[in-house]
Amino acid sequence: MAKRENLRNVAIIAHVDHGKTTLVDQMLRQSGIFRENEQVAERVMDSGDLERERGITILAKNTAVKYGDTKINIVDTPGHADFGGEVERILTMVDGVLLLVDAFEGCMPQTRFVLKKALGLGKKPLVVINKIDRPGARPAEVIDELLDLFIELGADEDQLEFPVIYASGRDGYSSADPDAREGDMTPLFEAILQHVPAPEGELDGPLQILFSNIDYDDYVGRIGIGRVERGRVRNGQPVVLCRADGTTRAERIGKLYQFEGLKRVEHESAGLGDLVAVTGITDLNIGETACDPEHPDALPFVRIDEPTISMIFQVNNSPFAGREGKFVTSRNLRDRLFKEVETNVSMRVKETDTTDAFEVSGRGELHLSILIETMRREGFEFAVSCPRVIFKKDEKGRTLEPVELLMIEVPEQYVGPVMEKLGARRAEIVNMGTRDTGMSHLEFRIPSRGLMGYRQIFLTDTNGNGIMNSVFDGYEPYRGDIPRRVQGSLVVFETGETSTYGLYNAQERGTLFIGPGVPVYEGMIVGESPRDEDIAVNVCKKKHVTNTRASGSDDALRLTPPTVLSLEQSLEFINEDELVEITPQNIRLRKITLSREQRMKQQSKKK
């Protein structure tokens, strides 16, 4: 077994918003990747439009820097639990991980999740306490929390002796001293060289490349991204592709690329431990292995956790169908969804009994809503149902449901309403404490069903002062019924265009979601009713014109500004009998049964 001492492969893992991408920015800048006069955007690794808008990393991405004679391949991973599949598969490409933890917030749900995966795969952790210059930073306490977490997750003795670096990704310095407030990233680079193991294996053995990611280029087609586990690979080399279903197929490497800075640079060859991108292999999927033709030895791929939430994606059949979308047919929808599954390993798509609807399963509401937002920007028009959790059966025939670990930070005066609402949603409190800043730290175990629709209630109860994060924590026996939504909907009575006069009368019945001059149709939802039943409203009604005038009667009607729901809020709002209509230009809420008469008949049958 040989080692490549001039190479390191490391992934940066952390909870969302703990500063991974900002830290990578500084590592790129200080390694000399950019010219002195080059204009570089902040969070340069977050290259997607959605990533920049939301300020989160959605897709794992590769980059590489040079420190002295050593090449350091860095993988920036998502921090949100819904994109955990990206983290799980990318860990197969690296030998060590930089566990980034906020010096104030400490261990959060995603910290637990990503660390558990890394320890399970035997990866060597290097802990980076970030944002040490933040007011209220408590690095010593955070390290104690981390040690407890390592022990709880079953870390071995070698992993428990984790090295610690203190850093400020924003200001670009790192140090072994928690009191340092200046410097550069040299201590972090040195720690990576010292503590992250060098790739080890057979330098001259028969070729093996395990593919962990797929990219696509309009000119060269599918690009497989993976790690050379054994031997060397060259441009034009014949290989055997060991498929996920156990079959093999002869292929040939087209072009071979390695990562340098933010670019993929073409190379003639690559060796043991190198992270490479290759073209020329048709129908390549994640988890497959390219091998030497004489030695077709497939490598096992990491097991990806199963989805926990599903939704129905269906062809839009509203009266406005086909007006705004470019791709509107069931064939368009089917092709796009099955294409997504090829690269999104933690998502599943299943055909239903009808030809125009598909069941899509993912890790959480955000995981699915990112897909929906991406599709609408591509020109797709469709409708989606409310999210449903995926139940399982155990050996005894009991129904099991997904349970999440929920962490909440709120000012002390809001603890009561939070505990009351979560209690009704079958949450169990597992930990409670108070921070020096006057914030209460609460930990709950709650069914995934109980979190659906709760975020908006939480923001209201805490006046926007609370922070909540959750992560999937396993399956447990079904905990009983949970009320989904108490309030009904304001449903449009007739097709037309909203008028100020109609909305003025309707706003007394509840909270409106739209303003005047908006085209609507019968069965469309335009607001929330304060009562527990739906109310039909005529928002298109116009004032009768008469020749009678009275003092004050013609004053301008004052409308309360509408509450405009985002995509995630719309998905949380709808009930079982409602849909969200998605088009490139609009997000509309509607009843599945548009006709008011038909809905009344269905209700009478239920009674």
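Only a predicted model underlies this, so the values are computations on that prediction, with no experimental measurement involved. What you see below is based on every heavy atom in this structure, not just the backbone, and it leaves out hydrogens, waters and symmetry mates.
Under the 4.5 Å side-chain criterion, counting only non-hydrogen atoms from C-beta, E578 is in contact with N575. No side-chain heavy atom of E522 sits less than 4.5 Å from a side-chain heavy atom of V491.
The pair R334-E351 meets the salt-bridge criterion, with a side-chain N (NZ, NE, NH1 or NH2) lying under 4.0 Å from an Asp/Glu carboxylate O. Comment: R348 engages E306 in a salt bridge, judged by a side-chain N to carboxylate O separation of less than 4.0 angstrom. Between R134 and D102, at least one side-chain nitrogen of the basic residue sits less than 4.0 Å from a carboxylate oxygen of the acidic one, meeting the salt-bridge criterion. By the 4.0 Å N-to-carboxylate-O rule, E378 lies close enough to R336 to be salt-bridged with it. Between E381 and R323, none of the side-chain N atoms (NZ, or NE/NH1/NH2) sits under 4.0 Å from a carboxylate O, so this pair counts as no salt bridge.
Between the side chain of D335 and the backbone N or O of N332 there is no donor-acceptor pair closer than 3.5 Å.
Side-chain contact annotation: E581 with S318, donor-acceptor N/O pair under 3.5 Å present. At a cut-off of 3.5 Å, with distance as the only test, no side-chain donor of E359 or T352 sits close to an acceptor on the other residue.
Using the six-membered ring where Trp is involved, F472 and Y475 have ring planes that are perpendicular, over 60° apart on the 30 and 60° scheme. Classification of the F391-Y478 ring pair by plane angle, with boundaries at 30° and 60°, yields perpendicular.
Applying the salt bridge (Lys or Arg N to Asp or Glu O under 4.0 Å) criterion to E572, with sequence neighbours excluded, gives no partner residue.
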**Q.** side chain to side chain donor-acceptor pair (under 3.5 Å) assessment of E443 paired with H441
**A.** CA-CA 7 Å; E443 291 182 24; H441 176 80; 3.1 Å; yes
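Among E597, R596, Q598, the one residue that satisfies the side chain to side chain contact (heavy atoms under 4.5 Å, CB included) test with M600 is R596.
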